[in-house]
> 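Pasting a structure below so you can have a look.
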Amino acid sequence: MTDPTLPEAFKSLRVLLVDDDWFVLDIVESMLRELGLFNIVRAQDGAEALGAIDIMAEPPQLLICDLNMPGMDGIQFFRHLAERWFEGGVILSSGSDMRLLKTVESLLIAHNLRFLGTLQKPIEEASLLNTILKLGVPEPAKEQEGLLQMLLPEEIEAGLQAGQLEVFVQPKVDIADRHVVGAECLARWRHPQRGLLQPDTFISVAEEFGLIDRLTLAVFHQAMHYLGAWAQLGHDLKLSVNVSMDSLMRLDLPEQLGGIAHEAGVAPQRVILEMTESRLMSHLATSLEVITRLRLKGFGLSIDDFGTGYSSMEKLKLLPFTELKIDRAFVFGAAEDAAARGILELSVQTGKALGMRIIAEGAETQQDWDLVAAVGCDEVQGYVVARPMPAELFIAWKNRWESQL
Ligand code: C2E
Ligand code: MG
Ligand code: MG
């Protein structure tokens with residue numbers, strides 16, 4: 001008798017496996033592999049799973065989820081899934097008693113989620129197979145579109161009104177003691193048909209069609225709201241917000257940002273404004289006044305993507321910047337790339353000489369972390385710490401990270 005496996009059409013299925021128990025994750029993953037499924041993402045609780053879904057190019061088609069987990073449990077997680085119009089099949093795996101499971105099943109159905117079945121732990125391969133088959137034959141993967149599909153200016157305008165702009169945050173961690181210093185706000189677009197969109201589909205359009213000021217302010221508003229709420233919970237954090245050069249041409253920007261921060265009860269010293277090096281240097285004459293006044297108001301100022309523009313030492317010395325973010329091109333894999341490593345070291349020296357805090361951006365591996373620590377960077381931001389996550393999940397993530405220190 002040959003081992004049962006899934007039909008060919010199932011084999012590219014995207015699976016998300018959520019359980020707080022590593023042992024269960026390992027066992028179920030190896031069963032799935034035996035059944036012919038290899039496209040598997042694992043998460044240890046609801047918060048991590050949502051973070052994973054939000055950055056996947058295509059959402060998972062199958063979710064196998066535990067109920068009892070520390071942090072965000074299965075029930076809270078299902079509500080978030082429903083809010084994201086999750087369309088994949090859901091399999092519950094649980095050791096809980098049958099009555100509780102029945103309640104959860106009806107909850108899933110009430111949320112309009114596609115409930116496929118419950119598997120009692122320890123899970124058996126045959127029942128796993130049968131439950132997955134209830135999904136029906138999955139649709140073949142969509143053809144990758146050659147061109148990046150940008151939002152239309154009308155969509156941006158209407159979507160800003162409708163609140164489709166969301167703020168994700170990516171943690172920034174102190175290299176010396178691994179404490180969470182704060183996070184960078186990264187804009188995302190919750191498109192009603194296309195799902196969650198990355199900034200490269202809307203930032204440049206917003207800039208081109210004169211909508212970037214509104215977008216900057218919308219992100220800034222949300223950032224101040226979160227920062228104020230976190231401070232009230234006793235978290236001593238800073239938030240960074242990206243400011244487009246186009247917005248720096250507005251002479252009243254310092255008053256506007258200062259006003260919004262003040263209303264939210266946030267001191268400007270807790271806010272860092274990031275500007276990309278390349279555009280900063282080419283528009284310096286017009287923006288210098290605004291930049292200087294932002295600094296006078298107490299905002300931190302950061303040079304983003306450092307190393308990709310052409311800053312002269314003379315100009316750098318002139319600018320009142322407090323932070324330098326070294327571009328990922330000189331961080332990720334730099335240990336094995338002599339030229340990248342050289343630029344990394346030079347950037348650290350330059351920043352230090354000017355009294356700036358040095359952030360290594362885009363560190364993905366332990367090797368990247370070790371290198372940037374060795375050359376004297378102050379903070380790390382990158383996948384080695386965490387991927388960008390919805391801002392509401394940040395404090396739960398921070399608590400978990402710091403409990404492991
Ligand atoms: P950025 O400001 O340099 O942000 C860092 C980007 O690097 C983010 O991409 C982040 O997800 C990505 N990243 C972080 N760590 C890693 C890593 O370890 N590996 C890799 N491969 N990537 C990593 P994202 O979110 O797609 O943002 C792209 C750019 O869009 C940002 O670059 C920023 O220039 C712009 N942007 C994002 N939000 C806003 C905004 O609110 N306003 C403006 N004006 N620009 C924004
Ligand atoms: Mg940035
Ligand atoms: Mg950057």
Side-chain angles (χ1 to χ4, degrees), residues 51-52 54-57 148 150-151 156 159-160 164-173 182-190 196-224 226 238-250 253 257 271-280 283 287 300-309 321 323-334 347 358-369 371-372 377 379-391:
D54 282 328
I55 57 166
M56 285 165 134
L148 187 67
M150 310 288 270
L151 283 180
I156 297 184
L160 280 171
Q164 289 171 5
L165 183 79
E166 278 184 27
V167 169
F168 272 44
V169 297
Q170 187 179 32
K172 289 169 71 187
V173 167
E184 175 177 6
C185 295
L186 295 163
R188 298 288 183 267
W189 202 273
R190 181 78 56 190
L196 193 75
L197 305 181
Q198 305 294 317
D200 54 357
T201 60
F202 57 87
I203 295 287
S204 59
V205 182
E207 285 175 340
E208 195 176 331
F209 290 89
L211 295 163
I212 193 69
D213 285 344
R214 285 174 56 194
L215 192 145
T216 304
L217 290 182
V219 172
F220 195 80
H221 257 291
Q222 292 193 40
M224 293 309 101
Y226 285 114
K238 290 188 175 187
L239 265 185
S240 304
V241 177
N242 292 287
V243 179
S244 161
M245 283 315 292
D246 298 354
S247 300
L248 287 175
M249 304 291 151
R250 285 188 67 132
L253 188 75
L257 299 188
V271 184
I272 300 169
L273 304 172
E274 297 193 2
M275 300 150 205
T276 54
E277 186 197 17
S278 50
R279 298 201 59 209
L280 182 65
H283 292 73
S287 49
L301 300 177
S302 175
I303 307 185
D304 203 353
D305 302 344
F306 188 80
T308 62
F321 276 76
E323 179 185 281
L324 186 149
K325 284 185 106 166
I326 302 174
D327 193 74
R328 172 174 172 269
F330 315 107
V331 172
F332 172 62
S347 307
I358 318 287
I359 321 299
E361 193 166 45
E364 293 194 12
T365 64
Q366 186 61 43
Q367 196 183 30
D368 295 340
W369 174 295
L371 175 65
V372 299
C377 292
E379 294 172 26
V380 172
Q381 178 185 339
Y383 295 173
V384 68
V385 175
R387 293 184 176 239
M389 61 189 85

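Counting starts at 1 for both ligands and their atoms, in listed order. This is a predicted model, so every value here is computed, not measured. FYI, side chains are in, hydrogens and waters are out, and symmetry mates aren't considered; it's all heavy atoms of this structure.
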> As a test of understanding, state which of S240, S302, P171 forms a side chain to side chain contact (heavy atoms under 4.5 Å, CB included) with E184.
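For E184, the side chain to side chain contact (heavy atoms under 4.5 Å, CB included) test succeeds with only one of S240, S302, P171, which is S240.
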> Pick whichever of L186, I203, V243 has a heavy atom sitting closest to atom 43 (C) of ligand 1.
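That would be I203.
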> Walk me through whether F202 and L211 qualify under side-chain contact (heavy atoms from CB on, under 4.5 Å).
CA-CA 10 Å; F202 57 87; L211 295 163; over 6 Å; no
> Counting backbone and side chain alike, does S240 bring an N/O/S atom below 2.8 Å of the Mg ion (ligand 2)?
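For S240, the answer is no, given that no N, O or S atom comes within less than 2.8 Å of the Mg ion (ligand 2).
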> Flag atom 12 (C) of ligand 1 as yes if some protein heavy-atom distance to it falls below 4.0 Å, otherwise no.
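So atom 12 (C) of ligand 1 lacks protein heavy-atom neighbours under 4.0 Å.
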> Is it the side chain, the backbone, both or neither of T216 that has a heavy atom closer than 4.0 Å to ligand 1?
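Within the 4.0 Å criterion, T216 makes no contact with ligand 1.
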> I'd like the atom name of the N/O/S atom in E274 lying closest to the Mg ion (ligand 2).
OE1
> What atoms of ligand 1 come closer than 4.0 angstrom to any heavy atom of G382?
15 (N), 18 (O)
> Which heavy atom of A218 sits nearest a heavy atom of L160, and at what distance?
CB-CD2, 4.3 Å
> Locate the shortest heavy-atom distance separating A334 from D368; write the atom from each residue and the value.
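So the two residues come closest at N-OD1, 4.3 Å.
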> For D304, counting its heavy atoms only, list the atoms of ligand 1 lying under 4.0 Å from any of them.
1 (P), 2 (O), 3 (O)
> With a 4.5 Å heavy-atom cut-off, do L165 and W189 have their side chains touching?
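Heavy-atom side-chain distance check passes, below 4.5 Å.
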> Please work out, at 4.0 Å between heavy atoms, whether the side chain, the backbone, both, or neither of P388 comes within that distance of ligand 1.
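For P388, the contact with ligand 1 is made by the side chain alone.
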> Any heavy atom of E361 closer to ligand 1 than 4.0 angstrom?
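Under 4.0 Å: yes for E361.
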> Under a heavy-atom criterion of less than 4.0 Å, does D305 contact ligand 1?
yes
> Where the side chain of Q170 meets the backbone of A386, is there a donor-acceptor pair that is under 3.5 Å apart?
yes
> Could you tell me, atom by atom, which parts of ligand 1 come under 4.0 Å of a heavy atom of E364?
17 (C), 18 (O), 19 (N), 20 (C), 21 (N)
> If we only count N/O pairs under 3.5 Å, is Y383 in contact with ligand 1?
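It does: an N or O of Y383 is found under 3.5 Å from an N or O of ligand 1.
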> Give the C-alpha distance, both sets of side-chain angles, the deciding distance and a yes or no for side-chain contact (heavy atoms from CB on, under 4.5 Å) between E208 and M150.
CA-CA 12 Å; E208 195 176 331; M150 310 288 270; over 6 Å; no
> Report yes if some heavy atom in the side chain of E166 is under 4.5 Å from a heavy atom in the side chain of P390; otherwise report no.
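With C-beta onward as the side chain, the pair stays apart.
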> For the backbone of D246 and the side chain of S244, can you confirm whether one donor and one acceptor N or O come within less than 3.5 Å of each other?
yes
> Distance under 4.0 Å to a non-hydrogen atom of S244: what atoms of ligand 1 satisfy this?
44 (N)
> Does ligand 1 have a heavy atom under 4.0 Å from the side chain of A363, from its backbone, from both, or from neither?
backbone
> Within this structure, what is the CE-CG distance for the pair M275 and D304, rounded to the nearest 0.5 Å?
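So the CE of M275 and the CG of D304 are separated by 10.0 Å.
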> Looking at D305, pick out the N, O or S atom nearest to the Mg ion (ligand 3) and give its name.
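When I compare the N, O and S atoms of D305, OD1 is nearest to the Mg ion (ligand 3).
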> Considering only heavy atoms, does N242 approach ligand 1 within less than 4.0 Å through its side chain, its backbone, both, or neither?
both
> May I ask whether R188 has any heavy atom positioned less than 4.0 angstrom from an atom of ligand 1?
yes
> Quick one: the OE2 of E184, the Mg ion (ligand 2), OD1 of N242 angle, rounded to 10°, please.
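Between OE2 of E184 and OD1 of N242, the angle at the Mg ion (ligand 2) is about 90°.
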> My understanding is that we take every heavy atom of each candidate and find the minimum distance to atom 15 (N) of ligand 1. Doing that for Q222, R328, Q170, E184, which one comes out nearest?
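Of the listed residues, Q170 has the closest heavy atom.
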> What N/O/S atom of D304 is the closest to the Mg ion (ligand 2)?
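In D304, the heteroatom (N, O or S) nearest the Mg ion (ligand 2) is OD2.
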> Tell me the closest heavy-atom pair linking Y383 and P388, and the distance in Å.
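Looking at all heavy atoms of both residues, the shortest contact is CE2-CD, 4.2 Å.
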> Give me the nearest non-hydrogen protein atom to atom 38 (N) of ligand 1 as residue plus atom name, then the distance to 0.1 Å.
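Among all protein heavy atoms, the one nearest atom 38 (N) of ligand 1 is A187 N, 3.0 Å.
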> Only one of I212, I203, V205 passes side chain to side chain contact (heavy atoms under 4.5 Å, CB included) with I156; say which it is.
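For I156, the side chain to side chain contact (heavy atoms under 4.5 Å, CB included) test succeeds with only one of I212, I203, V205, which is V205.
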> Should one rank P199, C185, S247, A223 by closest heavy-atom distance to atom 30 (O) of ligand 1, which comes out on top?
P199
> May I ask you to list the atoms of ligand 1 that are less than 4.0 angstrom from any heavy atom of V219?
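Near V219, the atoms of ligand 1 are 41 (O).
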> Charged N to carboxylate O under 4.0 angstrom, K238 versus E323?
no
> Determine whether L273 and L248 satisfy the following criterion, side-chain contact (heavy atoms from CB on, under 4.5 Å), listing intermediate values before the conclusion.
CA-CA 11 Å; L273 304 172; L248 287 175; over 6 Å; no
> State whether E361 contributes an N/O/S atom found under 2.8 Å from the Mg ion (ligand 2).
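E361 does not place any N, O or S atom closer than 2.8 Å to the Mg ion (ligand 2).
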> Just to confirm, does any protein heavy atom lie below 4.0 Å from atom 17 (C) of ligand 1?
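Yes, because at least one protein heavy atom sits under 4.0 Å from atom 17 (C) of ligand 1.
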> Any non-hydrogen protein atom below 4.0 Å of atom 7 (O) of ligand 1?
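No.
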> Decide yes or no on side-chain contact (heavy atoms from CB on, under 4.5 Å) for D305 and E361, but give the supporting numbers first.
CA-CA 8 Å; D305 302 344; E361 193 166 45; 3.6 Å; yes
